[in-house]
S.K.: 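Please see the structure below; I have some questions.
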Amino acid sequence: MGEAGKTKFQSDLRRYLRETDEDRDLTRLICEIADASKYIINSIRTGDLGVAGTSNLYGEEQLALDVLSDRILRKRLLHSGVVANIVSEECNEIITVSADCEGKYSVAYDPLDGSSLVDVNLAVGTIVGIYKGCDVLLPGRNLVAAMYILYGPRTTLVLSTGKGVHEFAMNSLMEYDLQRENIQLAPVGNIYAPGGQRNKYTPGVEAFVRYLEEKGAKLRYSGGFVPDINQVLLKGKGIFLYPHLQDAPNGKLRLLYELNPMAFLIEQAGGAASTGRGRILDLLPRGIDDRAPVFIGCKDDVAKAEEFIARMG
Ligand code: AHG
Ligand code: MN
Ligand code: MN
């Protein structure tokens, strides 16, 4: 468990951002995204679980919920007055909101990650990365904020603006109250979330997973990136991996709106996020559809993964 205990005071998200002197426009943007989550929750709980009859940039069949969640979030961002450009998992190109992008923010988001899990009632989430200014094709180390909203038994919002990682929970008024401040990861973990097919692991990844099992780590994998990362973060001990595979050298997860925001959060919590051969946040995106392998969580576990991969591939 991280160092931070229960917080001393209940504070809603907007007030918390004000009290920590966050930039007013960034506060507005974060609160717009938080507000949008109320409508996404409603669409998850009552919406159509069918297909939208369209596919996204990756040729993946879009679910009605993917498209609806994207529309809900995009509308809020378009009308916020503080957004320059948008990248969404559900859109094939960068959306220019305002040509005058000085002083504004650019946003990369996955409106509903793990959407295919909704019909089996497993937890899903929204993932958001925020840059200052016009550009979204920047290394993740340029992010000024990252957040995710986890639609689970409770709805929680985990946020960092570069001053630590904090958890908020939605209350009965559908407002977010601060639950935990400055969440920290231990150096070594005791759970692991191994994505991808095991029989396609390379020798180095296979050896790393066997190392984790031999030290007694327990397998915890739901198939949802947001709940799987949230478990590592909130338990403060663990590693998530979706590695390079024999037939997929870049793994599966998308850099701009899945890996970079989570890497920002995990590093802010004292953890690490690596492709297995280098820092996720240092990757220069070539396009909005970049993917990368990922080992993310306790820093000593990530370093061990890099060791095995350097030695065995
Ligand atoms: P999305 O639903 O946005 O396409 O993302 C799903 C991702 C991520 O949530 C999860 O970690 C991964 O897919 C699971 O992939 P596998 O089903 O191959 O394990
Ligand atoms: Mn996703
Ligand atoms: Mn998605």
Side-chain angles (χ1 to χ4, degrees), residues 33 36-37 40 43-44 47 49-52 54-74 86-92 107-129 140 146-152 158 191-201 205 209 219-233 238-263 265-266 273 275 280 288-297:
I33 295 165
S37 70
I40 294 177
S43 67
I44 291 168
L49 300 182
V51 295
T54 52
S55 58
N56 64 17
L57 175 61
Y58 309 93
E60 294 161 344
E61 187 172 53
Q62 288 174 304
L63 299 179
L65 276 179
D66 286 321
V67 174
L68 182 52
S69 307
D70 176 55
R71 201 174 300 149
I72 291 166
L73 194 44
R74 191 185 312 184
I86 292 173
V87 167
S88 162
E89 180 185 81
E90 305 308 331
C91 188
N92 294 352
V107 184
Y109 66 79
D110 180 349
L112 200 59
D113 179 85
S115 49
S116 56
L117 298 172
V118 171
D119 62 357
V120 291
N121 205 17
L122 281 175
V124 292
T126 297
I127 311 171
V128 184
M147 62 198 283
Y148 61 78
I149 294 135
L150 174 53
Y151 311 106
V158 170
I191 62 172
Y192 69 105
Q197 280 180 256
R198 188 80 178 255
N199 61 346
K200 295 182 177 172
Y201 280 7
V205 178
V209 170
L219 191 156
R220 291 285 183 274
Y221 190 76
S222 78
F225 190 39
V226 178
D228 288 344
I229 289 288
N230 189 66
Q231 179 165 208
V232 166
L233 183 66
I239 184 166
F240 174 98
L241 52 145
Y242 205 110
H244 50 292
L245 303 171
Q246 284 165 23
D247 61 352
N250 289 323
K252 172 182 182 180
L253 297 180
R254 276 59 60 116
L255 178 60
L256 259 64
Y257 39 73
E258 290 170 333
L259 300 184
N260 274 338
M262 292 308 197
L265 290 166
I266 290 291
T275 63
I280 290 279
I288 63 173
D289 58 346
D290 278 19
R291 300 173 192 259
V294 64
F295 300 79
I296 179 169

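Atoms within each ligand, like the ligands themselves, are counted from 1 in listed order.
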S.K.: Would you mind listing which atoms of ligand 1 come within a distance below 4.0 Å of any non-hydrogen atom of L253?
M.R.: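 The atoms of ligand 1 under 4.0 Å from a heavy atom of L253 are 7 (C), 8 (C).
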S.K.: Could you tell me whether the side chain of H244 reaches within less than 4.5 Å of the side chain of T275, counting heavy atoms only?
M.R.: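 Sidechains of H244 and T275: no contact.
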S.K.: Among L245, I229, D113, whose heavy atom sits nearest atom 6 (C) of ligand 1?
M.R.: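 It is D113 that holds the nearest heavy atom.
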S.K.: Which is it for V226 and ligand 1 at heavy atoms under 4.0 Å: side chain, backbone, both or neither?
M.R.: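 No part of V226 comes within reach of ligand 1.
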S.K.: How about N121: does its CG atom have over 12 heavy atoms from other parts shown lying under 6.0 Å from it?
M.R.: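 Atom CG in N121 is not packed in, count stays at 12 or less.
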S.K.: One residue to check: Q197. Relative to ligand 1, which of side chain, backbone, both or neither has a non-hydrogen atom less than 4.0 Å away?
M.R.: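 None of Q197 does.
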S.K.: Using a strict cut-off of 4.0 Å, indicate which atoms of ligand 1 neighbour a heavy atom of D110.
M.R.: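 Within the 4.0 Å cut-off of D110, ligand 1 contributes 3 (O).
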S.K.: Atoms of ligand 1 less than 4.0 Å from E258 heavy atoms?
M.R.: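 So the atoms of ligand 1 that pass are 3 (O), 5 (O).
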S.K.: Using side-chain heavy atoms (C-beta onward) and a distance below 4.5 Å, is V158 in contact with I229?
M.R.: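 No. Closest side-chain heavy atoms not under 4.5 Å.
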S.K.: Please name the residue in the list L57, N92, V87 that meets the side chain to side chain contact (heavy atoms under 4.5 Å, CB included) test with D289.
M.R.: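 That would be L57; it is the only one of L57, N92, V87 passing the side chain to side chain contact (heavy atoms under 4.5 Å, CB included) with D289.
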S.K.: Report the C-alpha distance between L112 and I40 in whole Å, list the side-chain angles of each, state the deciding distance to 0.1 Å, and finish with yes or no for side chain to side chain contact (heavy atoms under 4.5 Å, CB included).
M.R.: CA-CA 9 Å; L112 200 59; I40 294 177; 4.2 Å; yes
S.K.: Check whether any N or O atom of F225, backbone or side chain, sits under 3.5 Å from an N or O atom of ligand 1, and answer yes or no.
M.R.: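 Right, the criterion is met.
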S.K.: Using a strict cut-off of 4.0 Å, indicate which atoms of ligand 1 neighbour a heavy atom of Y221.
M.R.: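 The atoms of ligand 1 under 4.0 Å from a heavy atom of Y221 are 14 (C), 15 (O), 16 (P), 19 (O).
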S.K.: For a quick test of reading the model, state the closest non-hydrogen atom pair linking P243 to Y201 and the distance between them.
M.R.: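 Minimum heavy-atom separation between P243 and Y201: CG-CE1, 3.6 Å.
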S.K.: Pick out which of T126, V128, N230 makes a side chain to side chain contact (heavy atoms under 4.5 Å, CB included) with Y148.
M.R.: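 Among T126, V128, N230, the one meeting side chain to side chain contact (heavy atoms under 4.5 Å, CB included) with Y148 is N230.
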S.K.: Output, in order, the C-alpha distance, side-chain angles, deciding distance and verdict of side chain to side chain contact (heavy atoms under 4.5 Å, CB included) for I149 and I33.
M.R.: CA-CA 9 Å; I149 294 135; I33 295 165; 4.0 Å; yes
S.K.: Find the distance between CG (D290) and CG (L256) and round it off to the nearest 0.5 Å.
M.R.: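 It comes to 7.0 Å.
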S.K.: If I compare all heavy atoms of A263 with all of A273, which pair ends up nearest, and what's the gap?
M.R.: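 Distance-wise, the nearest heavy atoms are CB-CB, 3.4 Å.
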S.K.: Looking only at protein heavy atoms, identify the closest one to atom 10 (C) of ligand 1 and say how far it is in Å.
M.R.: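 Here the nearest protein heavy atom works out to G223 O, 3.3 Å.
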S.K.: Using a 4.0 Å cut-off to any heavy atom of Y242, which atoms of ligand 1 qualify?
M.R.: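 Answer for ligand 1: 15 (O), 16 (P), 18 (O), 19 (O).
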S.K.: Quick one: does ligand 1 sit under 4.0 Å from the side chain of Y58, the backbone, both or neither, non-hydrogen atoms only?
M.R.: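 Neither part.
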S.K.: Where on D228 is there a heavy atom closer than 4.0 Å to ligand 1, on the side chain, on the backbone, on both, or on neither?
M.R.: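 Looking at D228 and ligand 1, no heavy atom falls under 4.0 Å.
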S.K.: For atom 4 (O) of ligand 1, what is the nearest protein heavy atom, given as residue, atom name and distance?
M.R.: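 So the nearest neighbour among protein heavy atoms is R254 NH2, 3.1 Å.
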S.K.: Among all protein heavy atoms, pick out the one at the shortest distance from atom 1 (P) of ligand 1; state its residue, atom name and that distance to 0.1 Å.
M.R.: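 Its nearest protein heavy-atom neighbour is G114 N, 3.5 Å.
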S.K.: Looking at F295, F225, Y192, which one forms a ring pair (Phe, Tyr, Trp, His ring centres under 6.0 Å) with F240?
M.R.: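 Single pass found, and it is F225.
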S.K.: What's the atom name of the N, O or S in E258 nearest to the Mn ion (ligand 2)?
M.R.: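 Atom name returned: OE2.
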S.K.: I want to check something: taking the side chain as every heavy atom from C-beta on, are V124 and Y151 in contact at a cut-off of under 4.5 Å?
M.R.: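 Yes, close enough: below the 4.5 Å cut-off.
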S.K.: For the Mn ion (ligand 3), give me the closest N/O/S atom belonging to E89, just the atom name.
M.R.: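 Atom name of the closest N, O or S in E89: OE1.
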S.K.: Would you mind running through ligand 1 and noting each atom that sits below 4.0 Å from a heavy atom of F240?
M.R.: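 Those atoms are 11 (O).
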S.K.: Is G195 near ligand 1, meaning one of its heavy atoms is under 4.0 Å from it?
M.R.: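 It does not; every heavy atom stays at 4.0 Å or beyond.
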S.K.: Can you tell me which N/O/S atom of D113 has the shortest distance to the Mn ion (ligand 2)?
M.R.: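 Output for this pair reads OD1.
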S.K.: Please determine whether a side-chain nitrogen of the Lys or Arg among K252 and E60 lies less than 4.0 Å from a carboxylate oxygen of the Asp or Glu.
M.R.: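 E60 and K252: not salt-bridged.
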S.K.: Taking a cutoff of less than 4.0 Å between a non-hydrogen atom of the residue and any ligand atom, is S116 in contact with ligand 1?
M.R.: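 Not so, S116 does not reach ligand 1.
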S.K.: With the Mn ion (ligand 3) at the centre, find the angle made by O from L112 and OD1 from D110, to 10°.
M.R.: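 Answer comes to 90°, rounded to 10°.
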S.K.: Of all the non-hydrogen atoms in the protein, which one sits nearest to atom 17 (O) of ligand 1, and at what distance?
M.R.: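 Here the closest protein heavy atom is K252 NZ, 3.8 Å.
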